[in-house]
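In what follows, a single structure is set out as structure tokens and then discussed.
In the text below, chain A, chain B and the rest are named by the order of the sequence lines, each starting its count at 1.
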Amino acid sequence: MALYKEQSLKIYNSMSGEKEIFTPINEGNIGMYVCGPTVYSNVHLGNCRTFISFDLVFRYLKHLGFKVRYVRNITDAGHLENDADSGEDRIAKKARLEQIEPMEVVQRYTVDFHNTLQKFNNLPPSIEPTATGHIVEQIETIKKILEKGFAYEVNGSVYFDVLKFDKDHNYGKLSGRTIEDMIANTRELSGQSDKKNPQDFALWKKAEPQHIMRWPSPWSDGFPGWHLECTVMSTKYLGESFDIHGGGMDLKFPHHECEIAQGEAATGKTPVNYWMHANMLTLNGQKMAKSTGNNILPNEIFTGNNPNLSKAYSPSVARFFMLQAHYRSILDFSNDALMASEKGFNRLMDTLRNIDQLPVSNTSSFSVDEWQQRCYNAMNDDFNSPILIATLFDAVKYINAIKEGDEKISQQDLELLKNTMHDFIFEVLGLVDSTIVNEDRTQKLSGTIELLIKLRAEARNNKDFATSDQIRDQLLSLGIQLKDGKEGTTFSVE
RNA sequence: GGCAUCGUGGCCGAGUGGCUAGGCAGAGCUCUGCAAAAGCUCGCACAGCGGUUCGAAUCCGCUCGAUGCCUCCA
């Protein structure tokens, strides 16, 4: 029997503002769409947090036995830097600055994006469609929206008629805004716009002569509006109504609001059942953003080459740090916090490595079943990874107590404990034990250190503490720590 | 200015109307040749002011503060 039949998953739906029991449209199958990056520069860490959050969701849904189709787009069509009718698109601008083709920009940063997410051990999505690969579909959707009367053409551009849509569809329901508020708060853009109302947004833009990324359409040579690709590609691969749509908080308005409008206008159906929004990662208390320069590149964490960091941290430590906060909370990035996470992470991994050496008893002195269910309860409660991690640390306590002889565990429960730990740490949280990444070298290293441990033990037996301490201290300065326990000495590599 | 979220012990971060979050750091103890590691014990936190309640850090109101969105951004 599939796990999802035994576990009741709740998801916080941004649309209702409440945790709701999750029920997919088709039992056992889930369609999930997440807004991907615009590939005009290196992904920064804030981007990564969002994708790690949804990787956690993807992994847990799969763990529960659902068949998940996870679609995440690549925005590679040039969109304007601002919403006025003039301005350069960001990909073209980068291309001009670096003197390369726009598609070279796209390729370069798509590769960077994939490499980086792979280091964080994110699973690739099931489908990763590009905006430029779906120009035809986007044009077809614009036609549909025009036919339904929710869009109008002006000077070769097509705009979505927000006021008309709002009359019986309630534009703003996701972000809690009303048209009246928006009108009252509109900043006049000196009136050179073709739009009927400032709230309207572009479905198709006529390209200026110097605009490089352009495609023919019934209205003009131009390019699609930014919000359109997500509507079109989610519909194409997941259907007119699908289960989960995710993205960063900053996309809630206007991007997701526009997606809802486009979808409802084109099909008359509600496109998404559960909206999920991942919160921001801040640095020095401010949002990380490419545009303000307040950001850290993932690679700078791995190398330690950033003024905010005192040392390098592995991708798994950074991932663990992020998973120690709930995805809907703002998380502030700092060197101190990362350092604390690293120590906790190492302790967790050390314990996991000791699990095979535990003494087995006839009975268990605590309930492994109950503990396992607490792990599921944490994740069932809107993917609460911090609670899950706290529960895993409870297991660390159990394991150490068993080692000390203060608790007992049966063979059967030990298997359960071990498997559950492995499932949650590696499969669900997606963490990687860095010391077992390169098995061959690790084995050679282990053999070498075991030899030194043996020599040190002999020296200690002979009361030759000068030699034994030299071995211990010099290994430590190399980042290898010896740990004397009741059943001999073990070691850990920094 | 409008909309929204948040304000928890030294730091990071969960959470529930009354019952222990967890991690890191710190103190003491056990273990150790000395350490480290590991284990055990400890700090009674919840922005401020009112209100609801038998009882609120958890619900409501106000004040202060922070952040996000309102223009491209995960």
Side-chain angles (χ1 to χ4, degrees), chain A residues 17 34-38 40-41 43-54 75 79-84 87 89-90 172 175-178 180-187 189 198 226 246-255 257 277-282 285-292 295 320-321 324-326 328-334 336-345 347-348 350-351 354 378 381 384-394 396-397 399-401 403-406 460 463-465 468-469 472-473 476 481-486 489-492:
Chain A
V34 172
C35 292
T38 303
Y40 69 101
S41 66
V43 259
H44 69 248
L45 198 62
N47 281 291
C48 294
R49 184 189 181 200
T50 296
F51 298 124
I52 287 170
S53 296
F54 287 105
T75 299
H79 295 299
L80 299 184
E81 288 190 296
N82 61 53
D83 200 32
D89 91 62
R90 283 171 291 149
S175 54
R177 289 157 207 254
T178 65
E180 292 73 34
D181 290 341
M182 282 181 247
I183 292 169
N185 288 301
T186 301
R187 291 179 213 167
L189 293 166
W226 171 47
M249 276 288 272
D250 50 347
L251 296 183
K252 205 169 176 182
F253 187 90
H255 183 59
E257 209 69 76
H277 293 277
N279 219 136
M280 303 289 100
L281 183 67
T282 58
Q286 301 278 124
K287 178 188 168 187
M288 277 194 206
K290 295 177 193 177
S291 53
T292 59
N295 72 68
F320 183 71
F321 160 72
Q324 273 185 302
H326 185 78
R328 281 191 290 114
S329 298
I330 293 173
L331 174 62
D332 194 52
F333 183 91
S334 71
D336 285 351
L338 259 192
M339 228 156 33
S341 288
E342 185 177 52
K343 291 196 177 165
F345 176 74
R347 195 154 78 90
L348 189 62
D350 283 348
T351 305
N354 287 332
D381 186 13
N384 200 323
S385 53
I387 296 284
L388 170 63
I389 290 171
T391 310
L392 293 174
F393 274 106
D394 285 344
V396 170
K397 276 203 171 134
I399 290 168
N400 286 323
K403 212 168 78 178
E404 300 287 319
D406 294 333
R460 289 177 73 196
K463 307 263 185 221
D464 179 6
F465 296 123
S468 68
D469 287 356
R472 178 226 282 161
D473 296 341
L476 185 64
Q481 186 175 48
L482 299 187
K483 300 172 179 181
D484 296 328
K486 279 188 176 139
T489 303
T490 58
F491 70 95
S492 69

For nucleotides [N] and [M], find the distance between their [atom1] atoms and express it as a whole number of Å.
N     : M     : atom1 : result
B:C11 : B:G26 : C1'   : 12 Å
B:C70 : B:C12 : P     : 27 Å
B:G10 : B:U52 : P     : 32 Å
B:G22 : B:G39 : P     : 14 Å
B:A45 : B:A14 : C1'   : 13 Å
B:A21 : B:G28 : P     : 24 Å
B:C19 : B:A57 : C1'   : 15 Å
B:G9  : B:C46 : C1'   : 8 Å

Could you identify the nucleotide paired to [N], looking across every strand shown and requiring Watson-Crick or G-U wobble geometry with both distances under 3.5 Å?
N     : value
B:G39 : B:C29
B:G61 : B:C49
B:C19 : none
B:A66 : B:U5
B:A14 : none

Of the options [options], whose atoms approach the side-chain atoms of [X] most closely?
X      : options             : answer
A:R347 : B:A74, B:G23, B:C34 : B:G23
A:R472 : B:G2, B:G33, B:C34  : B:C34
A:K343 : B:A74, B:C24, B:A35 : B:C24
A:D469 : B:G33, B:G23, B:C12 : B:G33
A:S329 : B:A14, B:A74, B:A36 : B:A14
A:K483 : B:A74, B:C24, B:A37 : B:A37
A:D484 : B:C69, B:A36, B:G13 : B:A36
A:R460 : B:C69, B:C34, B:A14 : B:C34
A:D336 : B:G39, B:A14, B:C11 : B:C11
A:N400 : B:A37, B:A74, B:A38 : B:A38

Going through the distances and angles, do A:D406 and A:K397 end up as a salt bridge (Lys or Arg N to Asp or Glu O under 4.0 Å)? CA-CA 11 Å; A:D406 294 333; A:K397 276 203 171 134; over 6 Å; no
Taking only residues two or more places apart in sequence or in another chain, which ones pass side-chain contact (heavy atoms from CB on, under 4.5 Å) with A:S175?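 A:S175 satisfies side-chain contact (heavy atoms from CB on, under 4.5 Å) with A:R177, A:F253, A:E257 only.
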Is it true that A:D469 and A:R472 have a side-chain N and a carboxylate O under 4.0 angstrom from each other?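 Answer for the salt bridge query: yes.
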Sugar-phosphate only, base, or nothing, as touched by [X] at under 4.0 Å among non-hydrogen atoms:
X      : answer
A:A325 : sugar-phosphate
A:M288 : base
A:L281 : base
A:G246 : nothing
A:G46  : base
A:D473 : nothing

Whole angstrom value for the distance that separates [atom2] of [N] from [atom1] of [X]:
X      : N     : atom1 : atom2 : result
A:I389 : B:A21 : CD1   : P     : 18 Å
A:F253 : B:A74 : CZ    : C1'   : 18 Å
A:L331 : B:C24 : CG    : P     : 17 Å
A:N279 : B:G7  : CG    : C1'   : 14 Å
A:R90  : B:U71 : CZ    : P     : 15 Å
A:D381 : B:A21 : CG    : P     : 18 Å
A:L251 : B:A4  : CG    : P     : 20 Å
A:F321 : B:C11 : CZ    : P     : 16 Å

Tell me if a side-chain donor or acceptor on A:N400 pairs with a main-chain N or O of A:V396 at a distance below 3.5 Å.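 Side chain of A:N400 to backbone of A:V396, a donor-acceptor pair under 3.5 Å: yes, one is there.
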Hey, is the main chain of A:M280 close enough, under 3.5 Å, to the side chain of A:R49 for a donor-acceptor pair?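 Yes, because the side chain of A:R49 sits within donor-acceptor range (under 3.5 Å) of the backbone of A:M280.
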Assess whether one donor atom and one acceptor atom, taken from the side chain of A:H277 and the base of B:A74, lie less than 3.5 Å apart.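 Not at all, since no donor on one side and acceptor on the other fall under 3.5 Å apart.
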Closest-nucleotide mapping onto RNA chain B: is A:R49 or A:A337 further toward the 5' terminus? I mean the 5' end.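 With A:R49 and A:A337 compared, the 5'-side residue is A:A337.
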Which comes earlier along RNA chain B counting from the 5' end, the contact point of A:A340 or that of A:T38, where each point is its nearest nucleotide?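 Final value for this comparison: A:A340.
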Drop me the distance from A:T490's OG1 to A:L482's CG, to the nearest 0.5 angstrom.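 Interatomic distance, A:T490 OG1 to A:L482 CG, rounded to 0.5 Å: 8.5 Å.
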Face-to-face contact A:F465 to B:G33 six-ring, under 5.5 Å, under 30°: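 The base of B:G33 is stacked with A:F465 (centres under 5.5 Å, planes under 30°).
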Is the A:F321 to A:F345 ring centre distance short of 6.0 Å?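 Between A:F345 and A:F321, which both carry aromatic rings, the centre distance is not below 6.0 Å.
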If the test is side chain to side chain contact (heavy atoms under 4.5 Å, CB included), which one of A:N295, A:I52, A:L331 qualifies with A:L281?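 Result: among A:N295, A:I52, A:L331, A:L331 is the only option passing the side chain to side chain contact (heavy atoms under 4.5 Å, CB included) with A:L281.
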Are the side chains of A:N279 and A:S329 in contact, using a 4.5 Å heavy-atom criterion?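 No, side chains not in contact.
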